[in-house]
Amino acid sequence: MEAQSREAWGTKLGFILAAVGSAVGLGNMWRFPYAVSDKGGAAFVILYIVMVIVVGVPIMLSEFAVGRRARLSPIGALRETGGPRWMTLGYLYVLTGVVILAYYSVIAGWAMRYTLEALLSGFSTEPGQYFERSSTGVGAALYHIVFMGITISIVVGGVKAGIERVSLVLMPVLFLLVVGLAIYAATLGGAGAGYSFYLRPRLGHFFSASTLAAAASQAFFSLSLGMGAMLTYASYLKRDENLPGSAAAISFSDFGVAFVGGLVVFPVIFAFGLQGEIGASPLGALFISVPRAFVEMGAAGRVVGLMFFTALLVGALTSAISLLEVVTSSLIDHWKLDRTRAALGAGLVILFVGLPCAYDLNVLGLFDAVAGEFFLGVGAFFLALLVGWRAPEVADEVRRGFSREALIRGWLWVVRVVVPIILAVVIYDRGKNVLQTIQSLIAGP
Ligand code: PFF
């Protein structure tokens with residue numbers, strides 16, 4: 001009864017663009033450039049590509065297969081796949097969605113404020129002070145509330161009339177904006193230094209475990225893996241799509257936008273000699289150095305800045321929708337609420353959980369370390385164990401619409417052996433990072 005009345009995507013393109021919309025977001029234009037500059041430029045980019053292929057695509061395919069096979073949101077899907085004990089993993093997914101969206105929405109609120117700023121008055125000539133003033137406090141809380149309101153209203157609209165419709169319109173806009181910005185950035189004098197930092201590998205950074213963990217966890221965050229977002233989206237699929245093809249296309253698009261995002265951010269920052277600033281404030285890099293460059297550009301900077309922050313906002317919105325949908329669909333399937341109540345209830349809880357992040361950046365950083373990095377690693381690790389060892393029959397779901405048996409066997413082997421080993425490193429490293437973050441919070445400034 002439940003399965004028959006389940007909502008579904010209207011078109012294959014709708015599903016793909018919604019999933020790309022989930023993947024492309026703050027992770028691409030905020031976290032990726034920061035991770036690249038923090039971890040040694042081009043070497044990190046290469047390692048990141050390897051992680052997307054070796055762990056990202058296989059886990060995405062696992063989520064797709066589990067979701068479409070069960071046609072249920074995470075808690076029910078994991079119970080169907082592995083038995084009642086695996087529901088715990090589903091609860092972790094819902095919790096992760098709540099915590100990530102709580103701080104994600106605060107950052108998206110900043111992007112909304114900067115977009116309006118570009119439109120109405122132009123950027124502040126003191127971007128550092130402006131960020132300090134505007135990133136926390138009542139203003140930040142209000143933008144967070146407005147952003148959550150918009151996200152809730154789209155999720156209330158449902159899978160086809162809400163999420164799919166918005167993605168079909170917004171994703172092409174986002175692609176055009178990012179490509180247009182990259183072309184503009186190429187015309188800036190001094191862009192070359194940015195490209196060289198971004199694209200010329202300096203070996204030596206390559207082999208540390210923490211760089212590997214950072215690349216893998218960036219891949220999970222960016223591809224929306226490890227908390228059931230892709231699982232939930234696949235649960236609305238009809239039976240015969242080619243799942244590996246979709247996983248590859250979505251991962252490639254997500255990488256494409258992150259890569260082109262780097263072709264915007266680095267030339268812009270280097271052209272104005274602002275590279276020293278990136279490392280100073282990881283959370284604020286994008287909201288301080290990049291606007292400073294826009295101010296230096298003069299009149300053009302306002303238009304370019306408007307395009308930049310609009311792209312960021314659009315990306316954040318389609319990702320936030322998927323985060324809220326994980327929680328909403330769980331309330332619908334598992335707790336039998338109707339969609340409007342589920343989306344509203346979940347959204348309001350998340351709104352309140354996010355308020356402390358709008359008042360204290362340390363809380364925001366802690367939420368990111370715990371949920372955005374550690375929980376996603378744990379979530380993906382157990383999913384790999386489930387699909388690789390406990391329920392390898394999930395592979396039959398991949399066989400619908402895809403017949404290259406050797407690839408399916410290769411995928412299962414990677415999920416069984418390679419992914420858990422890499423994820424064990426990620427969990428250890430990111431777990432350590434959570435403890436350090438908590439210690440420094442307790443110790444105070
Ligand atoms: N992938 C999004 C980004 O790169 O900004 C963030 C995200 C969305 C993470 C959905 C996890 C998720 F389930």
Q: Using modelled atom types only, decide if a donor and an acceptor are shared between the side chain of S440 and the backbone of T437 within a distance under 3.5 Å.
A: yes

Q) Are a donor atom and an acceptor atom from the side chains of S222 and R31 found within less than 3.5 Å of each other? A) no

(Q) When you measure from the side chain of Y93 to the backbone of G379, do you find a donor-acceptor pair of N or O atoms at a distance under 3.5 Å? (A) yes

Q: Using the ring pair (Phe, Tyr, Trp, His ring centres under 6.0 Å) rule, pick out the option among W30, F131, Y143 that qualifies with W110.
A: F131

**Q.** Atom pair OG/CE of S246 and M60 - distance to nearest 0.5 Å
**A.** 10.0 Å

Q: Quickly, which of V415, L407, V414 forms a side chain to side chain contact (heavy atoms under 4.5 Å, CB included) with W411? Name it, please.
A: V415

Q) Between R165 and A161, is there a donor-acceptor pair closer than 3.5 Å when you use the side chain of the first and the backbone of the second? A) yes

Q: Heavy atoms only: give me the nearest L225-G56 pair and the separation to one decimal.
A: CD1-O, 3.3 Å

Q.
I'd like to check V138 versus Y359 (side-chain heavy atoms, cut-off strictly below 4.5 Å). Are they in contact?
A. yes

Q. Considering the options V265, V268, L313, which one meets the side chain to side chain contact (heavy atoms under 4.5 Å, CB included) requirement together with F308?
A. V265

Q) Could you give the distance from CD1 (I75) to CG (L92), rounded to the nearest 0.5 Å? A) 10.5 Å

Q: For residues G82 and W86, report the shortest heavy-atom separation together with the two atoms involved.
A: O-CD1, 3.2 Å

Q | Least distance between heavy atoms, E373 atom then N433 atom | A | OE1-ND2, 3.3 Å

Q.
Under the side chain to side chain contact (heavy atoms under 4.5 Å, CB included) test against I350, which residue among T151, L324, L323, I152 passes?
A. L324

**Q.** Considering all heavy atoms, the nearest M171-L17 contact
**A.** CG-O, 3.5 Å

**Q.** W413 side chain reached by V418 side chain, heavy atoms, under 4.5 Å
**A.** yes

Q. Does E63 use its side chain to pair, donor to acceptor, with the backbone of M230 at less than 3.5 Å?
A. yes

**Q.** Non-hydrogen atoms of V426 and S217 that approach each other most closely
**A.** CG1-CB, 4.2 Å

(Q) Is any side-chain heavy atom of L174 closer than 4.5 Å to one of V257? (A) yes

**Q.** Side chains of S330 and P74 in contact at under 4.5 Å (non-hydrogen atoms)
**A.** yes

Q. Do Y198 and F259 have side-chain heavy atoms sitting under 4.5 Å apart?
A. yes

Q: Would you check, one step at a time, whether the test side-chain contact (heavy atoms from CB on, under 4.5 Å) holds for W389 with L386?
A: CA-CA 6 Å; W389 298 95; L386 174 65; over 6 Å; no

**Q.** Main-chain N/O of G315 paired to S319 side chain as donor or acceptor, under 3.5 Å
**A.** yes

**Q.** Side-chain heavy-atom pair L78, M87 within 4.5 angstrom cut-off
**A.** no

Q) What distance do I163 atom CD1 and S322 atom OG have between them, rounded to the nearest 0.5 Å? A) 8.0 Å

Q) Would you say the side-chain atoms of S329 and E7 include a donor-acceptor pair closer than 3.5 Å? A) no

Q: Kindly give the heavy-atom pair with the smallest separation between V173 and V169, and that separation in Å.
A: CG2-O, 3.3 Å

Q) So F266 and F197, would you call those rings parallel, tilted or perpendicular, with 30° and 60° as cut-offs? A) tilted

Q: Decide if the gap between the ring center of F287 and the ring center of Y114 is smaller than 6.0 angstrom.
A: yes

Q. With a 4.0 Å cut-off, would you call R400 and E397 a salt bridge?
A. yes

Q: Start with the C-alpha distance between L263 and Y195, add both sets of side-chain angles, then the distance that settles side-chain contact (heavy atoms from CB on, under 4.5 Å), and finish with yes or no.
A: CA-CA 7 Å; L263 294 179; Y195 293 134; 3.8 Å; yes

Q: Could you please spell out the steps behind the side-chain contact (heavy atoms from CB on, under 4.5 Å) verdict for L306 and T115?
A: CA-CA 6 Å; L306 180 62; T115 307; 3.9 Å; yes

Q | Test item: K39 side-chain N/O and V45 main-chain N/O as donor-acceptor pair under 3.5 Å | A | no

Q | Presence of salt bridge, R339 and E325, under 4.0 angstrom | A | yes

(Q) Can you tell me how far apart CZ (R69) and CG (D396) are? Round to the nearest 0.5 Å. (A) 7.5 Å

Q: Could you please spell out the steps behind the side-chain contact (heavy atoms from CB on, under 4.5 Å) verdict for E405 and I408?
A: CA-CA 5 Å; E405 193 52 35; I408 296 177; 4.2 Å; yes

Q: Give the intermediate values and the outcome of salt bridge (charged side-chain N to carboxylate O under 4.0 Å, His left out) for residues D333 and R6.
A: CA-CA 9 Å; D333 288 347; R6 189 166 188 77; 3.2 Å; yes

Q: Report yes if some heavy atom in the side chain of V290 is under 4.5 Å from a heavy atom in the side chain of I269; otherwise report no.
A: yes

Q: Give a yes or no on whether the backbone of F15 and the side-chain of Y236 come within a donor-acceptor separation of less than 3.5 Å.
A: no

Q) Between T318 and V314, is there a donor-acceptor pair closer than 3.5 Å when you use the side chain of the first and the backbone of the second? A) yes

Q. Any side-chain heavy-atom pair from I427 and F374 closer than 4.5 angstrom?
A. yes

Q | Check: F367 ring centroid to F375 ring centroid under 6.0 Å | A | no

Q) Sub-3.5 Å donor-acceptor pair from the side chain of R68 to the main-chain atoms of L243, do we have one? A) no

Q | Flag, side chain of N28 to backbone of G25, donor-acceptor distance under 3.5 Å | A | yes

